[in-house]
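Heads up: the structure comes next, in C-alpha cells.
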Amino acid sequence: MADIEAGTVVVTDSDSSRRSQDDTATLIPNSGNLEGSSHRATKTTRFKDDDEVVEITLDVQRDSVAIQDVRAVDDSGSAHSGGFDGLSLVSPSSSRGGKLLSKLRQVTNGLKLTNASKKVPHTPAPKTVRKRYDRSKSTAAVALKGMQFVTAKVGNDGWTAVEKRFNHLQVDGMLLRSRFGKCIGMDGSDDFAMQMFDSLARKRGIVKQVLTKEELKEFWEQLSDQGFDNRLQTFFDMVDKNADGRITAEEVKEIIALSASANKLSKIKERADEYTALIMEELDPQNLGYIELEDLEALLLQSPSEAVARSMTTHSSKLSKALSMKLAPSKDTSPLRHYWQEFAYFLEENWKRIWVVTLWLSICIALFIWKFIQYRNRAVFHIMSYCVATAKGAAETLKFNMALVLLPVCRNTITWIRSKTKVGAVVPFNDNINFHKVIAAGVAVSVALHAGAHLACDFPLLLHASDAKYEPMKPFFGATRPPNYWWFVKGTAGWTGIIMVVLMSIAFVLAQPWFRRNKLKDTNPLKKLTGFNAFWFTHHLFVIVYALLIVHGTSLYLTKEWYKKSTWMYIAYPLFLYSCERIVRLFRSHDAVKIQKVAVYPGSVLALYMSKPPGFRYRSGQYIFINCRAVSPYEWHPFSITSAPGDNYLSVHIRTRGDWTSRLRTVFSEACRPPAEGESGLLRADLSMGVTDSNARFPKLLIDGPYGAPAQDYREYDVLLLIGLGIGATPLISIVKDVLNHIQRGGSVGGTEPDASGRAKKRPFMTKRVYFYWVTREEGSFEWFRGVMNEVAEKDKDGVIELHNHCSSVYQEGDARSALIVMLQELQHAKKGVDILSGTSVKTHFARPNWRSVFKRVAVNHESQRVGVFYCGEPVLVPQLRQLSADFTHKTNTKFEFHKENF
C-alpha cells in the first residue's frame with residue numbers, strides 16, 4: 001500500500017518472497033504540496049530510488065493523481081525526456097526502470113485512494129452535479145452486505161477446507177489457474193473465478209498461471225476479508241484490467257458479459273452494449289470516458305430515501321413484534337416432546353386422510369371377517385379348511401374395492417360435490433387419484449389372497465379328499481369328484497378368473513410411473529410397449545375385466561341362490577355413475593374450440609388462447625383436459641387454466657416435458673409466423689382478426705372440463721400466499737387475475753362479488769391480500785406472464801396484490817458474482833421503471849426466497865387471520881412449506897392452511 005505524507009511517498013511491500021528488500025523512495029517536492037488547495041494543478045516532483053533519480057510531472061486533481069511525464073535525471077541534475085506516455089516507459093535505462101515503474105503504479109493508485117478517503121478541507125471548485133435516482137436497495141445497509149466473495153455457499157467452510165481442496169487439486173505443489181474456482185469453493189463460475197485470479201495476481205506482480213499454497217492463502221485472506229472497502233477494491237481491480245485506476249466502457253462491457261454468463265442470463269449478455277451505456281451515463285455524466293472507484297462506491301453507499309427509511313423503521317418494529325410472538329425455534333431438546341409435536345402436526349395436517357383411510361380399512365376388515373366366519377361354519381370348511389374361508393373373505397373385499405375404485409375417477413361428480421356442498425370440509429377430494437391408487441393396491445392384495453387360496457390350497461384339498469369327506473360337496477361339484485386341476489380351469493369361474501388376473505396385472509404394471517412416463521432406456525426392447533398410450537389402452541381393458549367379474553360372480557361353485565351372488569350388487573351403481581361420466585365427457589368434448597392466439601415462449605412453453613365453449617363456467621385454480629387429434633387421437637392431458645373466469649377467452653400454458661407436449665409444440669410452431677420487427681423473438685399467431693390461409697392449418701383441439709383442484713377454494717381465505725415453481729405458476733396466475741378482475745369490477749376487498757347486474761352473489765369474496773411468489777431458473781420464463789404483471793402494476797392502485805419474482809439462476813444478492821447485475825437492475829429500474837429480467841415494473845429478486853422469513857412477514861402483517869398457502873411445483877419444496885405452515889400456525893395467532901396442487 002502507499003502512505004502519503006507531506007512531500008514523502010513511502011512504498012512498502014509485505015511480499016518478501018518476491019522482493020529482496022523493502023524499498024523506500026523519497027518524493028522531492030518541486031512545486032508545492034501534493035495536497036494543494038486548487039481543484040486542479042500540475043506538480044513536478046523528483047522520485048529517488050537508491051542511486052537513480054526520476055523527475056515526474058503529476059496532474060493533480062482534487063480526487064485523483066495522474067502521471068503526465070517521467071524524465072531521467074543525470075548527475076548534474078538535468079532532466080531528460082524518457083518518452084513517457086501514460087504509464088509506460090519506452091526504454092527504461094536499467095532493470096530498475098521496470099521495478100520503479102511498478103512502484104509508480106502502486107503510488108498512483110495509493111494517491112487516489114488516499115485522496116478519496118483522507119481529504120484535506122479546501123474550497124471546492126464548481127463541479128457538475130450528478131443526478132441521483134431513488135434506488136431503495138442501494139442503501140448503506142444493503143451495500144455493506146454486497147460484494148461478498150465468500151458467501152454461505154462459497155468458501156464458508158474456511159481456509160482448512162480450501163487447503164484440503166488444494167492438496168487434492170495441486171500438481172507438483174502448484175494450483176492451476178483453471179482450478180482456482182473449484183479450490184475456493186466457487187463451482188460453476190470458472191470464468192468469473194479466473195478473472196478474480198488474474199486481478200489478484202496482477203496486483204501482486206504474479207505472471208505465472210499457477211499458485212503455491214502460500215500464494216493461495218494470501219489470495220484467500222483478501223477474498224475472505226469482510227471489510228467493505230477491501231471487497232470494493234477487489235471488485236474494482238477485477239474490472240480494471242490495465243490497473244490504471246479507471247474503468248473504461250469496454251471494461252464495463254466485459255464484466256457485464258462475464259457476470260451475465262456466471263448467472264446464466266443470456267439476454268443481458270446480448271444487450272451488454274445497451275447496459276454499458278446506461279452505467280456510463282449514470283456514473284460518467286461528464287463524458288470523461290471512464291469511471292473511478294469513488295463512483296462505484298457512491299452508487300453502493302447511496303443514502304436511503306425517506307420512504308425507504310420509513311419502511312425500514314416499520315420493518316424493525318414488526319420484527320420486534322415477531323420476536324415477542326416467539327417465532328424462534330423451540331430450544332426444548334427432549335426427544336419425547338419433539339416426537340409428540342411431530343405426531344400432533346401430522347394429525348392436524350392429515351386428519352381428513354386418516355379418517356377416510358381408517359374407514360376404508362375398517363370396512364375391508366369387517367367384510368373379510370364377516371365372510372370368513374360365514375364359511376367357517378359351513379360344511380365345506382371341514383374339507384377345504386381355512387383356505388376356503390380366506391378365499392371367500394378376500395373375494396368379499398375384492399368386490400367392495402372393485403366398486404369403490406371407480407368413484408375417485410368420477411371427476412365431474414367430485415367437482416360438483418366440492419363446489420356445491422360442504423363435504424369437502426371433511427373429505428380430502430384433492431387426494432382422489434392417490435386414493436384411487438390405494439384402492440388399486442387393495443384390489444391387488446385381495447386378488448392375490450383369493451386366487452392363491454383357491455389354486456394353491458383349497459382346490460388341492462378337494463382333489464385329495466376321501467369319499468366320505470367329499471359326500472357333502474356333491475351338491476356343489478357334482479356326484480363325481482373333479483379328476484384334476486384342468487376341471488377347475490376350464491370351468492366358467494376358472495377361465496374368467498385367470499383372464500381377469502392377467503389383464504389386471506398388465507394394467508397395474510404399466511400404470512407405474514416408470515412405465516407410464518416411459519423412463520426406460522432407448523436400448524430397452526420394452527420401451528415401445530410403454531408410455532402414456534400403453535397406460536391408457538391397458539387401463540381401458542377394465543371394461544373387459546368388469547364384464548368378466550360379473551360372469552365370474554354368477555358362476556360360483558359354493559353359492560347357488562341368485563340373491564346371494566352379490567357381485568353385481570356391489571358394482572352396479574359405481575358402473576352406472578362412471579358410464580354417465582364418460583357419456584358426459586363424450587358429448588361435452590365433441591365440438592372443437594376456436595383458437596384465438598398462439599405464442600411459443602422461451603423455456604419450451606406453448607400458450608394457447610381459445611374461445612370459451614357455450615355455457616363453459618369455471619373457477620380460478622381449476623384445470624381442463626386437452627386432446628389434439630393431430631398428435632394423438634386418444635391421449636387427453638390435464639392443464640391448469642391460466643385465464644380468469646371474467647376473461648372472454650380461455651387460456652393454458654403448456655411446458656414441453658414429454659413426447660405428447662413436444663409434438664403439440666412442434667405442430668403449432670410450424671403454423672406460427674416469425675416475429676416482426678420490433679417484437680420479441682417469439683413465434684406467435686393471432687386469429688382474433690379472422691382466419692387466413694396460413695392459420696387455417698392449425699390443428700383442432702378438444703377440451704374436457706373444468707375439474708376441481710385445491711386452489712379453487714382460495715376465496716375462502718383472508719390472505720393468500722401463492723407459491724409457484726416454474727410452470728407451476730399457471731393455476732396461481734389465474735387466481736391473481738381473478739382477484740384483479742374483482743377489484744376492477746368494483747367488488748370490495750373482503751366482501752361479496754357482484755354479478756353483471758351489480759347484485760351481490762351469496763358466495764363471499766373473503767380475500768383481502770395476495771402474496772405471489774414465483775421462482776424460476778430461466779430469465780425467459782418471465783415472458784410467459786409479462787402482461788399479467790404489467791396489468792397488476794397498472795390497475796392495482798391499493799396494493800392488494802404483491803408480486804415477488806425470483807430468478808434462482810442468479811446468485812443471491814451480496815454475492816460478488818451478481819453484484820454488477822444488482823447495480824444494473826437498480827439503475828434500470830430507477831431510470832426507466834423496468835426490471836432488466838422480467839421486462840416489467842415488478843423488480844426481480846435473485847436466488848431462492850428465505851421461506852421462513854416469508855412466513856414470518858405474513859404472520860406479522862396479518863394477525864388472527866386465515867392464510868391459504870397454495871403451492872404448485874416440484875414436490876421437493878412440499879415438506880418445508882408444510883412444516884412452516886404448521887409451525888407458524890402453532891407459534892402465532894395466524895392460521896396457515898397448506899394446499900398442494902398435483903403436479
Side-chain angles (χ1 to χ4, degrees), residues 360 363 395-421 423 427 429 431-440 442-444 446-447 496-497 499-504 506-508 510-511 532-555 562-563 565-592 613 615-618 622-627 629 632-638 702-708:
W360 170 70
I363 293 174
E396 202 68 19
T397 61
L398 176 61
K399 290 184 284 186
F400 170 69
N401 285 324
M402 287 295 289
L404 191 62
V405 76
L406 294 174
L407 298 183
V409 293
C410 292
R411 293 191 292 263
N412 288 295
T413 303
I414 291 177
T415 301
W416 184 88
I417 293 175
R418 70 185 300 167
S419 301
K420 302 296 183 181
T421 69
V423 179
V427 176
F429 288 119
D431 296 316
N432 61 317
I433 299 301
N434 291 331
F435 191 46
H436 174 77
K437 296 176 181 178
V438 170
I439 298 172
V443 169
S446 298
V447 168
T496 55
I499 293 176
M500 282 192 294
V501 170
V502 172
L503 294 180
M504 285 182 177
I506 294 173
F508 188 84
L510 293 181
F532 184 86
N533 282 334
F535 159 77
W536 192 89
F537 281 113
T538 55
H539 244 58
H540 283 74
L541 291 176
F542 273 86
V543 174
I544 301 175
V545 170
Y546 276 100
L548 293 175
L549 182 63
I550 294 175
V551 175
H552 184 86
T554 57
S555 306
W562 69 270
Y563 57 87
K565 298 177 181 181
S566 58
T567 302
W568 67 273
M569 301 179 188
Y570 274 101
I571 65 176
Y573 179 74
L575 278 176
F576 174 76
L577 181 62
Y578 184 75
S579 300
C580 292
E581 282 266 340
R582 297 306 297 260
I583 293 172
V584 170
R585 294 186 206 175
L586 178 65
F587 281 98
R588 188 168 57 188
S589 61
H590 180 70
D591 296 328
F616 188 88
R617 301 178 62 184
Y618 66 96
Q622 293 183 332
Y623 65 95
I624 57 175
F625 278 81
I626 292 181
N627 170 265
R629 296 190 182 276
S632 173
Y634 305 109
E635 292 189 47
W636 290 81
H637 292 269
L702 302 178
I703 66 171
D704 176 32
Y707 293 110

Side chains of [X] and [Y], heavy atoms from C-beta outward: is any pair under 4.5 Å?
{"X": "Y618", "Y": "I624", "result": "no"}
{"X": "T496", "Y": "S555", "result": "no"}
{"X": "M402", "Y": "T567", "result": "no"}
{"X": "F508", "Y": "V447", "result": "no"}
{"X": "N401", "Y": "W360", "result": "yes"}
{"X": "E396", "Y": "Y570", "result": "yes"}
{"X": "M504", "Y": "V545", "result": "yes"}
{"X": "N627", "Y": "D704", "result": "no"}

For the atom pair [atom1] ([X]) and [atom2] ([Y]), what is the distance rounded to the nearest 0.5 Å?
{"X": "L548", "Y": "I499", "atom1": "CG", "atom2": "CD1", "result": "6.0 Å"}
{"X": "N412", "Y": "L577", "atom1": "CG", "atom2": "CG", "result": "9.5 Å"}
{"X": "L549", "Y": "L398", "atom1": "CG", "atom2": "CG", "result": "6.5 Å"}
{"X": "C410", "Y": "R582", "atom1": "SG", "atom2": "CZ", "result": "10.0 Å"}
{"X": "L503", "Y": "L541", "atom1": "CG", "atom2": "CG", "result": "5.5 Å"}
{"X": "E635", "Y": "F535", "atom1": "CD", "atom2": "CZ", "result": "11.0 Å"}

Please report the closest heavy-atom contact between [X] and [Y], naming both atoms and the distance.
{"X": "S446", "Y": "T397", "answer": "OG-OG1, 3.0 Å"}
{"X": "F616", "Y": "G705", "answer": "CE1-O, 3.5 Å"}
{"X": "I414", "Y": "P408", "answer": "CD1-O, 3.3 Å"}
{"X": "P574", "Y": "A403", "answer": "CB-O, 3.3 Å"}
{"X": "H539", "Y": "A511", "answer": "CE1-CB, 3.7 Å"}

Test F429 against V423 for side chain to side chain contact (heavy atoms under 4.5 Å, CB included), laying out the working first. CA-CA 9 Å; F429 288 119; V423 179; 3.9 Å; yes
Do side-chain atoms of T415 reach the backbone of G708 as a donor and acceptor pair under 3.5 angstrom? yes
Looking at T554, is its backbone amide N or carbonyl O close enough to the side chain of K565 to form a donor-acceptor pair, meaning the two atoms are under 3.5 Å apart?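 Checked: pair present.
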Y578 and side-chain contact (heavy atoms from CB on, under 4.5 Å): which partner among V405, L407, V409?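 The passing option is V409.
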Full working for side chain to side chain contact (heavy atoms under 4.5 Å, CB included) between W636 and L702: CA-CA 9 Å; W636 290 81; L702 302 178; 3.6 Å; yes
Assess R411 against F625: is NZ or CZ under 6.0 Å from the centre of the six-membered ring, and within 45 degrees of the ring's axis? yes
If you draw a 6.0 Å radius around OH in Y573, do more than 12 non-hydrogen atoms from other residues or ligands fall strictly inside?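 Result for OH/Y573: open.
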